[in-house]
2 protein chains.
Amino acid sequence: MNSKELEIYKNIKQAIVHQKLRPNMQLVEKEIAEAFGVSRTPVRNVLRKLSYERLVKIIENKGAFVTWFSVNEAKEVFEMRQILESNAVRYACRLATEEQLREFGKLVEVELNTYQDADYIEAIQMSGKFHLKIAELARNSYFHLYLEDLISQTSVIISIYGESHGKKSTCLHHHHIYNAIQQRDEDLAVKLVIEHLKEIEDTLHFDENLQIPASLSDLFQNKL
Amino acid sequence: MNSKELEIYKNIKQAIVHQKLRPNMQLVEKEIAEAFGVSRTPVRNVLRKLSYERLVKIIENKGAFVTWFSVNEAKEVFEMRQILESNAVRYACRLATEEQLREFGKLVEVELNTYQDADYIEAIQMSGKFHLKIAELARNSYFHLYLEDLISQTSVIISIYGESHGKKSTCLHHHHIYNAIQQRDEDLAVKLVIEHLKEIEDTLHFDENLQIPASLSDLFQNKL
DNA sequence: TAATACATGATTGTATACAATCTCTTATAC
DNA sequence: GTATAAGAGATTGTATACAATCATGTATTA
């Protein structure tokens, strides 16, 4: 992916993760192409990449839509995050250098400060960075590869089923997890990560019948 | 991905996994397009998908090449497989229905028979199916999603560093693992899976300096 | 002879034109 | 009035033409 596509990719992904683009919304190639001053070709490449990350669902001859996660799909995401992150944090405890831990400490500090003048969108971003930092410390690029996607998906899931981001507790949890890693207390760190993920999941209101309409015509099309 | 692209995708992926296309070989768009009687457009889409699966590496303005895995990358693959498969097999023990276990049993039988008239390529395929079946039984689509890729990557890694596939021991291991799952003995199943993966990894000869040339010009380019 | 510059060919990257498909409207028949 | 069919518009899918880039080979010059 070259710089032009990367630019488009980052923008769309951010719009989805920041919940500017809501689940089920259609992403029309031509509109995006015109917005970025390019042809449809690079846009199509970006939409495909996003579909492999499950942030976008492409339906043949219909188009690309921001992914709607069913209750079951959402639970799968949390389950896989628990598996990967509990392993990652264990590896992190064993493998992180003192240098890396200091850097990690700074990140946690910044997150705490960011929370003070809490911008919702910044909170999403900071929280994601925290979790991905643990993946980095674990020294296996697949942790980062997979968790990058799963964490982005979590943002969409939260935008569907709840209002969890930016909670004060998130920051405190992160700080406790950091402390455990810093003291290289594997078992405690794993326990805290699992609890943390559980708490996020528990703030959600899983309603099978919930539907966010992508447009007014969508909302009313069955009522005429 | 539509049926046309799927056809191309399956063919190229199979050629890589079956080691017809060797690591570092270039995949020229035009050649592939002509071979399948299509334009470059769908071929490019397929190559991109394969690059997201890490079977192909795309270098800007140079082209697509079958991925070469470094020793470190190879070890990451095995490490992540151990994490995912040990979890998957645990879930499988808990969640698989009796019906699913019977089906699984048949698969193991077939694998044993296939081994008798052992075709190397069939052995690769059967072994992959076994591992992916466990991912299915675990009832979380991410197991299958991730392991599908990791298992394909393993084939390429074996083609670089060793000659492990099709061993008799593989089949026996699989049978033992199946028995453990069938008896829902989680801890035993996990232990056997970890041992099995370790043994595959141990048959490899990790040589940092190993290089498979993609062509003669590649081989001699540093010697002139 | 060695090094640089230029030209050529091959390959990938992008834009665009056209084909196929789907959706929604309108018209027609019953 | 309802249901079916035809048609227009919008959107995606594919092929192709052209642009950009890279690698190779040749020629020129010191």
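We name chains A, B, ... by the order of the sequence lines, and we start the count at 1 in each one. All values derive from a computational prediction rather than experimental measurement.
Not one side-chain nitrogen or oxygen of B:Asn45 sits closer than 4.0 Å to the OP1 or OP2 atom of D:dT14. Residue A:Lys30 places no side-chain N or O under 4.0 Å from the OP1 or OP2 atom of C:dA15. Listed pair A:Thr41 / C:dT14 fails the phosphate criterion, with no side-chain N or O lying under 4.0 Å from OP1 or OP2.
The listed nucleotides are C:dG13, C:dT12, C:dA15; the one nearest the side chain of B:Val28 is C:dT12. Listed candidates were C:dC22, D:dG13, C:dA15. Nearest to the side chain of A:Lys62 is C:dC22. Side chain of B:Gln26, nearest nucleotide from C:dT11, D:dT11, C:dT14: C:dT11.
Rounded to whole angstrom, the span from the CZ atom of A:Arg40 across to the C1' atom of D:dT14 amounts to 10 Å. Atom CZ in B:Arg44 sits about 14 Å away from atom P in D:dA15, given to the nearest Å. Straight-line distance from the NZ atom of A:Lys57 to the P atom of D:dT12: 17 Å, rounded to whole Å. One atom, CG of B:Asn61, and another, C1' of D:dC22, lie 7 Å apart when rounded to the nearest Å. Rounded to whole Å, the distance from CD on A:Glu34 to C1' on D:dA10 is 13 Å. At whole-Å resolution of the value, CD1 in B:Ile59 and C1' in C:dA10 are 16 Å apart. Here C:dA15 presents its C1' atom at 14 Å from CD of A:Glu29, a figure rounded to the nearest Å. One can place CG of A:Leu27 at 9 Å from P of D:dT12, the figure rounded to the nearest angstrom.
Aromatic ring centres of A:Tyr91 and A:Phe143: separated by under 6.0 Å.
In this structure, the side chains of B:Arg22 and B:Val66 stay at 4.5 Å or more apart for every pair of heavy atoms. A 4.5 Å side-chain heavy-atom check between A:Arg54 and B:Leu145 finds at least one atom pair inside the cut-off.
A cation-pi arrangement, defined by a distance under 6.0 Å to the six-membered ring centre and an angle within 45 degrees of its axis, is absent between A:Arg48 and B:Tyr52.
Around NZ of A:Lys57, the count of heavy atoms belonging to other residues, nucleotides or ligands within 6.0 Å does not exceed 12.
If you check every strand for non-hydrogen atoms under 4.0 Å, B:Glu31 touches nothing.
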